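The structure displayed is predicted, hence computed values, not measured ones. In listed order, ligands and their atoms are each counted from 1. Computed from heavy atoms alone, side chains included, the values below leave out hydrogens, waters and symmetry copies.
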Amino acid sequence: MRLLITNDDGVHSDGILALKNAVEPLGEVVVVAPERPRSATGHAITLHKPLRLVRAKMADGTPAWSSNGTPADCVTLGVLEVMHGDVDLVISGINHGPNLGWDVHYSGTVSAAFEAVMIGFPAIAVSVTSWDAQIAWEGVAQVTVKLAQWVHANAARSQLLLNVNAPNIPASELKGIEVTRLSSRQYVDRVDKRTDPVGRDYFWLGGTLLDHEAQAGTDVRAVSDNKVSITPLQIDMTATSVLKDLKSLENL
Ligand code: MN
């Protein structure tokens, strides 16, 4: 199996090293990742300045490629320039922090996986849903290995995108896997207005999650139940359910 590994936390992060080490026995593994953290960059791509691709070292000194581009840029460069299209699967992660519910639209981790699908390869985005300094990578890394094998056997050359989120607990405490749908994810008190030392206003985006209705069957609920959540995502955002009802607009 030929695997491209990327992320949005940067080539030096612990999560991408944990992922690379876990999947290495599966075959040939190429790492192309941002040279610095690029979380919450969504599906941005670089069109108006030079994109660089340079030799880099991961946290343990392992050789890799890094780019000044976004996570999506790294997938494009990795698949087309480094691996010349000879790729079986792209895996993005392991992200340090959640990529749950509607937040996937902000996610560089998930967008890198979407870029793979748009180019023509199946992809897995993997996250641990915690900002803690200490992360238990092992459990979700091993689930990712099994998923990679499954995708290779069952969904080669497909548009399958699996968004995986795991709680930050030891592998022995995980309560299994649940296939889920995205939860809604809304925030209150999103804008924190402050004053800088010279008296000018500035703003800090954050807020508190309205997660109280994390329904059964959603990714948020599965993770809160100590399970690994797997949500299949699709690139086509057409609101298929209302297409027919809107046909009348053609006669406005
Ligand atoms: Mn990140």
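Taking CD1 of Ile91 as the start and CG of Leu26 as the end, the distance is 7.5 Å to the nearest 0.5 Å.
Looking at Asp9 and the Mn ion (ligand 1) together, the shortest N, O or S contact belongs to OD1. The Mn ion (ligand 1) sits nearest to atom OD1 when only the N, O or S atoms of Asp8 are considered.
In terms of modelled atom types and a separation under 3.5 Å, the side chain of Ser92 and the main chain of Thr109 share a donor-acceptor contact.
Taking the six-membered ring where tryptophan is involved, the planes of Phe114 and His43 are essentially parallel, since the angle between them stays under 30° and well short of 60°.
Not one N/O/S atom of Asn99, from backbone or side chain, sits under 2.8 Å from the Mn ion (ligand 1). The Mn ion (ligand 1) has no N, O or S atom of Ser127 closer than 2.8 Å.
Considering every non-hydrogen atom in both Thr231 and Leu182, the closest pair reads CG2-N, 3.8 Å.
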